[in-house]
Amino acid sequence: MLQPSDYQAISLTLQLAAVTTAILLVLATPLAWWLAFTGSRWRGWVQAIVAMPLVLPPTVLGFYLLLALGPNGFIGATLESLGGRHLAFSFTGIVIGSVIYSLPFAVQPLTEAFRAMGKRPLLVAESLGATRWQALRTIALPLCRGGFVVAATLVFAHTLGEFGVILMIGGSIPGETQVLSVLIYDHTEALNYSAAHALSLGLIAVAVVVLAVVYGRRQPQ
Amino acid sequence: MTLTVQATVPLQHFDLAVDLTLPTTGITALVGASGSGKTTLLEVIAGLRTHTSVNVQFAGKCWQSKQKSLPLAERRIGLVLQEPSLFPHLTVAENLRYGWQRAQQHFLHWNDVVQQCGLSDLLEQKSRQLSGGQQQRVAFARALLAQPQLLLLDEPFSALDEGTRQHFVGYLRQLSEQHRLPVLWVSHQLTDIAEVSDNVVLLQQGQVLNSGPVLAQLRQEPLRSMVAMAVVHTPLPGLAEVAEQRLRIYARDVSLSLQPVPHSSVRNQLWSTIHARHETSCTGELLVELECHGQYFFALISTAAWQQLELGIGQKVVAHIKAAALHHPL
């Protein structure tokens with residue numbers, strides 16, 4: 001029932017989700033740490049900007065990213081002048097879009113986990129002779145493991161379901177930017193309902209499983 | 001060898017403003033009402049609270065100044081905070097090993113500390129399963145096993161029952177004497193403080209009101225009326241106790257007569273001289289300060305008794321102390 005192009009889209013979607021998750025865990029961890037512990041008066045603003053993708057229509061984000069990443073945009077033009085290629089309608093482009101779009105899903109659980117832990121366990125660890133890095137690795141990481149698991153699964157699942165941003169930045173190029181949600185849209189437009197059904201039900205199943213894993217972790221103490 | 005602390009740290013209602021020099025031997029107690037800045041002072045010394053005005057030197061080494069902040073790990077402080085702050089994902093043994101395995105030399109032995117803190121049966125438990133008192137005991141043992149050069153304790157025994165607390169207070173004394181481990185501690189149990197501390201620092205609204213040796217501080221306000229207790233060193237002629245130790249004597253356990261009372265159940269009768277009389281917050285009661293072979297203690301008597309016996313400063317009297325009232329530090 002599924003065509004090779006469907007498998008290609010599934011594979012591309014998984015790649016996009018995995019890459020986005022990896023990048024976001026690296027980027028969001030220091031940002032969440034800063035948000036959890038800073039006394040800076042800019043914290044509120046930074047938090048607002050991080051949370052923006054939650055309230056803005058994906059098309060707005062996609063629109064400005066398309067302009068910035070395209071051949072005439074600030075980023076795209078800079079890349080072209082350096083001998084590179086602009087990023088509109090490319091896999092890299094949709095990765096950038098996904099990272100920004102899913103940022104709050106990584107930052108918020110991590111900020112909460114860091115805040116719940118507090119700085120005290122780390123200070124105690126340091127007073128017991130651990131270096132800052134050892135304290136982070138042996139105390140903060142295990143204590144905040146739940147936050148990392150939630151952040152990673154939410155980002156992964158959210159990226160699987162992303163549509164508007166990708167369509168705006170990436171269009172629908174098979175093997176490059178045609179992810180599942182976009183392909184389902186294409187199938188529907190082409191009145192190919194059986195293919196749309198198969199992919200949609202698959203996505204629903206994955207979403208349920210992923211969310212069940214996330215919420216199942218929160219066992220009563 | 002001293003610990004010097006200079007700091008001006010803004011707190012919610014006032015500044016913590018101290019300029020202290022403390023000995024690095026013996027036990028020093030920080031005393032003061034809740035919110036007087038005791039915990040903040042400990043945090044400043046530990047390096048948990050940094051501020052540009054803070055200057056801390058320990059035994060000739062700079063821990064904190066405008067230019068420099070020695071990493072916590074290199075200060076080798078045995079830190080026990082109000083909340084025990086155990087690592088919840090580790091067992092008791094793993095908590096204890098955390099500092100132990102990072103220490104260079106081990107002058108405090110694993111078995112001794114585990115046994116003294118009563119942890120032998122708890123080692124394999126997850127620390128989140130422990131009661132509040134057990135957690136405090138683990139936190140204390142963990143700090144000791146990291147082989148610290150200074151103990152900073154903030155209400156370390158507050159969740160322990162009376163008997164266990166007594167044991168730990170005695171253990172603290174033992175650590176200070178046998179291992180020359182300097183201790184700086186905060187406790188609301190003034191009797192514990194009087195019993196084991198060598199020095200007292202009194203804080204009020206972030207300022208040092210008074211500081212000095214505990215025996216002298218107990219004779220001065222405000223500790224005098226707060227505790228109404230003295231610490232004497234035996235042997236003291238007239239006291240049935242002959243072994244060499246510190247005894248605490250509560251003013252309420254001491255009565256006075258002009259002559260020794262024969263055939264009395266009170267075995268400790270000491271010829272003493274009335275050194276001073278102090279008013280108390282309770283009208284009709286007096287705190288009589290007695291001197292006996294260069295040591296001082298108090299008797300709490302009624303104003304009526306003072307008048308009836310026609311007592312006066314410099315007069316010789318017999319102080320009666322019930323043997324059962326002599327509290328032995330462990």
Side-chain angles (χ1 to χ4, degrees), chain A residues 25 28-30 32-43 109-153 213-221, chain B residues 10 39 42-43 45-51 63 69-91 94-106 126-129 135 138-154:
Chain A
L25 284 184
T29 302
W33 190 270
W34 183 82
L35 284 172
F37 297 121
T38 184
S40 163
R41 61 204 172 96
W42 297 107
R43 193 186 53 100
L110 288 177
T111 307
E112 264 173 51
F114 294 153
R115 234 179 241 154
M117 173 185 70
K119 272 201 166 167
R120 195 126 272 193
L122 298 177
L123 293 171
V124 170
E126 285 182 45
S127 82
L128 292 169
T131 61
R132 176 106 7 126
W133 173 245
Q134 286 171 338
L136 286 173
R137 194 170 48 79
T138 58
I139 306 299
L141 205 59
L143 284 183
C144 298
R145 201 181 59 195
F148 282 102
V149 171
V150 171
T153 29
V213 167
V214 171
Y215 293 118
R217 282 187 54 82
R218 300 199 178 155
Q219 286 161 359
Q221 289 288 313
Chain B
T39 297
L42 275 194
E43 289 177 351
I45 296 169
L48 304 187
R49 202 181 267 258
T50 49
H51 197 266
W63 276 6
S69 175
L70 190 70
L72 224 53
E74 289 170 37
R75 300 190 187 198
R76 292 184 45 225
I77 296 170
L79 194 60
V80 182
L81 303 163
Q82 262 175 44
E83 335 77 90
S85 305
L86 299 185
F87 304 134
H89 59 300
L90 302 180
T91 64
E94 286 165 342
N95 264 282
L96 297 181
R97 263 201 297 275
Y98 198 88
W100 168 265
Q101 69 194 13
R102 291 180 166 82
Q104 308 281 333
Q105 293 163 332
H106 294 90
K126 276 270 178 199
S127 47
R128 57 164 65 96
Q129 296 165 338
Q135 289 189 29
V138 176
F140 186 62
R142 183 178 64 179
L144 292 180
L145 288 171
Q147 317 293 322
Q149 56 176 345
L150 169 68
L151 270 183
L152 292 182
L153 313 173
D154 193 358

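Labels below follow one simple rule: chain letters A, B, ... track the order of the sequence lines, proteins then strands, and each chain is numbered from 1. FYI, side chains are in, hydrogens and waters are out, and symmetry mates aren't considered; it's all heavy atoms of this structure. Just so it is clear, the structure is predicted and the values come from calculations on it, not from any experiment.
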Applying a strict 4.5 Å limit to non-hydrogen atoms, the region of B:Leu152 in contact with chain A is neither

Bottom line for B:Phe87: the part with an atom under 4.5 Å from chain A's heavy atoms is side chain

Has A:Arg132 got a side-chain atom pairing as donor or acceptor with B:Pro71's backbone, closer than 3.5 angstrom? no

- Query: B:Arg76 side chain to B:Leu150 main-chain N or O, any donor-acceptor pair under 3.5 Å?
  - Reply: no

Parallel, tilted or perpendicular: which describes the rings of A:Phe114 and A:Phe148, with under 30° parallel and over 60° perpendicular?
-> perpendicular

Counting heavy-atom pairs under 4.5 angstrom with chain B, the leader among A:Thr131, A:Thr138, A:Ile139 is A:Ile139

Before accepting this row, confirm whether a basic side-chain N of the pair A:Lys119/B:Glu43 lies closer than 4.0 Å to the acidic partner's carboxylate O. no

Between the OG1 atom in B:Thr91 and the CZ atom in B:Arg128, the distance rounded to the nearest 0.5 Å is 11.5 Å

Rounded to the nearest 0.5 Å, the CD atom of B:Glu94 sits from the CZ atom of B:Arg97 at a distance of 6.0 Å

Is there a side-chain contact (heavy atoms from CB on, under 4.5 Å) between B:Leu48 and B:Leu79 once you walk through the steps?
CA-CA 10 Å; B:Leu48 304 187; B:Leu79 194 60; 4.1 Å; yes

Among residues 140-147 of chain B, residues within the sub-4.5 Å heavy-atom range of chain A, in order of number, are B:Arg142, B:Ala143, B:Ala146

